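The next block holds one structure in the form of structure tokens; read it before the comments.
Chain naming here is simple, since letters A, B, ... match the order of the sequence lines and numbering starts at 1 in each. Bear in mind the structure is a predicted one, so any value in this text is a computation, not a measurement. Hydrogens, waters and symmetry mates are skipped; everything else that's a heavy atom, side chains included, is used.
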Protein chains: 2
Amino acid sequence: MPYTYDYPHPAVTTDIVIFTIRQDELKVLLIKRALPPFQGEWALPGGFVNLDESLEAGARRELEEETGVKDVYLEQLYTFGAPDRDPRERVITVAYYALIPSDKIELRAASDAEGVSWFGLQELPALAFDHAEILQAAHARLAAKLDYSTIAFQFMPKAFTLSELQQVYELILRGPVDKRNFRKRILGLNLIEDTGETRKTGAHRPAKLYRAVDPHRVDVIK
Amino acid sequence: MPYTYDYPHPAVTTDIVIFTIRQDELKVLLIKRALPPFQGEWALPGGFVNLDESLEAGARRELEEETGVKDVYLEQLYTFGAPDRDPRERVITVAYYALIPSDKIELRAASDAEGVSWFGLQELPALAFDHAEILQAAHARLAAKLDYSTIAFQFMPKAFTLSELQQVYELILRGPVDKRNFRKRILGLNLIEDTGETRKTGAHRPAKLYRAVDPHRVDVIK
DNA sequence: TGACTTAGTGTGCTTCTTACACTATAGTTC
DNA sequence: GAACTATAGTGTAAGAAGCACACTAAGTCA
């Protein structure tokens with residue numbers, strides 16, 4: 001059933017950079033393309049926008065299809081529209097990025113639909129289209145936002161230790177963070193509270209567990 | 001001559017929030033719509049993206065058509081795609097904003113094609129589509145960038161005084177800026193240099209004129 | 001020459017940032 | 001059960017940055 005217009009229209013997709021933290025690494029979800037173009041290569045999840053849904057709704061739909069998760073942090077990143085970025089036709093993609101807490105994953109990706117996999121940012125395969133550029137832009141945005149917002153909490157499970165939170169910062173920023181200054185700063189925000197519980201993870205002192213006061217909220221700070 | 005696709009495609013436009021500073025006010029260029037929908041109402045300049053041009057090229061084309069200027073600061077702002085934002089068909093718009101130095105305007109807008117006008121942000125008319133939302137997002141981005149980048153220089157003519165630069169900050173941030181601290185900070189950046197000239201503008205001491213060391217460059221600072 | 005207007009300049013106080021090292025508490029080993 | 005090991009948890013001092021603040025300089029004009 002064809003669709004006809006008086007002048008040419010591009011196709012519009014949403015692509016999503018889905019980040020999570022797993023095995024002490026910042027990881028991204030990629031999909032092995034089953035069809036040409038770039039058949040067999042890895043690409044960001046994404047798809048065409050339905051005409052009756054908003055861009056964000058389209059991105060959330062793709063996100064849920066691939067990971068099974070809802071209600072996670074999702075932010076529009078940038079719109080990529082070089083004329084030749086897709087060899088089939090003109091395709092403009094509105095890129096989003098999503099952050100998934102470590103206790104929410106494995107819902108569908110674990111069902112391990114052959115051809116869906118998490119990759120550490122250090123061990124990325126070659127990517128289809130301009131997806132390497134999109135991924136790099138997403139990582140840059142994420143790292144920048146760590147400095148002036150509370151976005152890092154979006155990676156955390158309901159209860160977490162300060163060491164775990166610090167590790168998130170260190171993984172994304174790719175460098176060490178001073179423990180005392182970090183704890184002073186985070187606790188000073190009054191955005192997390194002591195749960196009263198502790199977590200024992202080995203032959204050492206157990207760590208206090210904290211929870212976010214308002215887990216979905218991302219504030220600009222400083 | 002119709003264009004046919006196997007599945008529905010949205011239309012894609014670029015809309016541009018064109019800022020400049022004139023008559024001691026931060027102003028935005030608007031166009032009175034000659035055709036429905038929203039005929040007779042004011043709207044941001046913009047238009048459909050040609051299939052063989054990049055998004056930024058499309059935005060620059062629209063910008064030059066309306067103002068005659070090239071080579072000014074232009075940055076992608078956000079992509080707006082609510083399903084009902086245009087009553088005719090699904091239209092997704094990639095919004096940009098541009099900053100025009102005060103010595104570059106009047107090229108075409110001054111030719112005053114009836115229906116093109118600069119508006120101060122305080123005296124905006126009702127806007128067509130979701131353009132009020134786009135404009136507000138552009139102003140918020142601009143104000144935020146003043147704090148952590150050198151974007152303000154993009155408003156300045158080749159030679160300018162520190163008082164003029166300070167006024168740009170005050171207009172965009174909508175509040176007073178301390179003169180001594182401002183001058184200390186700006187001069188400390190080493191991004192402007194004394195031209196050796198002065199400007200006399202009335203019955204008072206003349207002001208030194210400065211120029212940007214690298215006028216097109218926008219750096220992140222602090 | 002005195003009045004007026006905008007340009008131009010420095011300091012001290014406060015706040016924030018940063019660097020840095022030891023004690024606490026659990027498990028494990030012998 | 002004593003010693004060992006590993007991570008959790010804590011405070012301070014020095015330097016940097018931010019902020020508030022008031023007078024002099026150099027023109028024009030009456």
Side-chain angles (χ1 to χ4, degrees), chain A residues 21 23-24 102 143-144 146-150 152 156-157 159-171 173-211 219-222, chain B residues 21 23-24 102 143-144 146-150 152 156-157 159-171 173-211 219-222:
Chain A
I21 292 191
Q23 298 157 347
D24 300 342
S102 48
L146 274 204
D147 274 340
Y148 68 87
S149 83
T150 60
M156 306 314 289
F160 54 88
T161 70
L162 286 176
S163 295
E164 288 163 357
L165 183 63
Q166 182 178 341
Q167 198 199 28
V168 169
Y169 276 78
E170 290 177 335
L171 289 173
L173 299 177
R174 299 166 188 257
V177 170
D178 181 88
K179 182 160 65 158
R180 277 178 290 190
N181 294 334
F182 178 78
R183 295 163 101 93
K184 206 185 315 169
R185 192 164 75 87
I186 296 295
L187 291 173
L189 297 174
N190 290 322
L191 295 174
I192 63 174
E193 59 191 11
D194 196 333
T195 63
E197 320 249 301
T198 60
R199 172 175 294 159
K200 303 182 189 181
T201 60
H204 54 83
R205 177 172 176 175
K208 284 188 188 175
L209 285 168
Y210 291 84
R211 76 171 75 88
D219 284 311
V220 171
I221 52 174
K222 248 194 313 185
Chain B
I21 292 193
Q23 299 158 346
D24 300 342
S102 47
L146 274 204
D147 275 340
Y148 67 86
S149 82
T150 60
M156 306 315 288
F160 55 88
T161 70
L162 286 176
S163 294
E164 288 164 356
L165 183 63
Q166 183 178 340
Q167 199 199 28
V168 169
Y169 276 79
E170 291 177 335
L171 289 174
L173 299 176
R174 299 167 187 255
V177 169
D178 181 87
K179 182 158 64 158
R180 280 177 287 193
N181 293 333
F182 178 78
R183 295 162 101 92
K184 206 185 315 170
R185 192 164 75 89
I186 296 294
L187 292 173
L189 297 174
N190 290 322
L191 295 174
I192 62 174
E193 58 191 11
D194 196 333
T195 62
E197 321 246 304
T198 60
R199 171 176 295 159
K200 302 182 188 180
T201 60
H204 54 81
R205 176 173 177 174
K208 284 188 188 175
L209 284 168
Y210 291 84
R211 76 170 75 86
D219 284 311
V220 172
I221 53 176
K222 250 193 311 183

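Rounded to an integer number of Å, the gap from A:D24 CG to D:dT7 C1' is 14 Å. The NZ atom of B:K208 sits 12 Å away from the P atom of D:dG27 (whole-angstrom rounding). For the pair A:F182 CZ and D:dG11 C1', the interatomic distance rounds to 18 Å; values are reported in whole Å. Going from atom CG of B:L189 over to atom P of D:dA17 covers 12 Å, rounded to whole Å. The distance from atom CZ of B:R185 to atom P of D:dA20 is 14 Å, rounded to the nearest whole Å. Rounded to whole angstrom, the span from the CD atom of B:Q166 across to the C1' atom of C:dG8 amounts to 12 Å. The nearest whole Å value for the distance from the CZ atom in B:F160 to the P atom in C:dA7 is 14 Å. Between B:D147 atom CG and D:dC19 atom C1' there is a gap of 15 Å when expressed in whole angstrom units.
For a distance-only test at 3.5 Å, the side chain of A:R180 qualifies as a donor-acceptor partner of the base of C:dA21. If you check distances only, the side chain of B:K184 does reach the base of C:dT11 with a donor-acceptor pair under 3.5 Å. Counting atom types as modelled, B:R199 pairs no side-chain N or O with a base atom of C:dA7 as donor and acceptor under 3.5 Å.
With hydrogens and angles ignored, the 3.5 Å screen pairs no side-chain donor or acceptor of B:Q167 with any backbone N or O of B:D24. Not one N or O on the side chain of A:S102 forms a donor-acceptor pair closer than 3.5 Å with the backbone of A:I21. Remark: side-chain polar atoms of B:E164 are not paired, donor with acceptor, to backbone N or O of B:M156 under 3.5 angstrom. Remark: the backbone N or O of B:R211 is not paired with any side-chain donor or acceptor of B:T195 at under 3.5 angstrom.
Note on A:R183: a base of the nucleic acid sits closer than 4.0 angstrom, heavy atoms only. At the heavy-atom level, B:K179 lies under 4.0 Å from base atoms of the strands shown.
Heavy atoms only, all atoms of each residue included: B:S163 and B:R183 are closest at OG-NH1, 3.9 Å.
Proximity of A:S163 to the phosphate of D:dA8: a side-chain N or O atom is located under 4.0 Å from OP1 or OP2.
When each of C:dG27, C:dG8, D:dG27 is scored by its nearest atom to the side-chain atoms of A:A203, the top-ranked nucleotide is C:dG27.
The 5' end of DNA chain D is approached more closely, in terms of each residue's nearest nucleotide, by A:T161 than by the other of A:T161 and A:D178. Take the nearest nucleotide of DNA chain C for B:N181 and for B:H204: the residue whose nucleotide is more 5' is B:H204.
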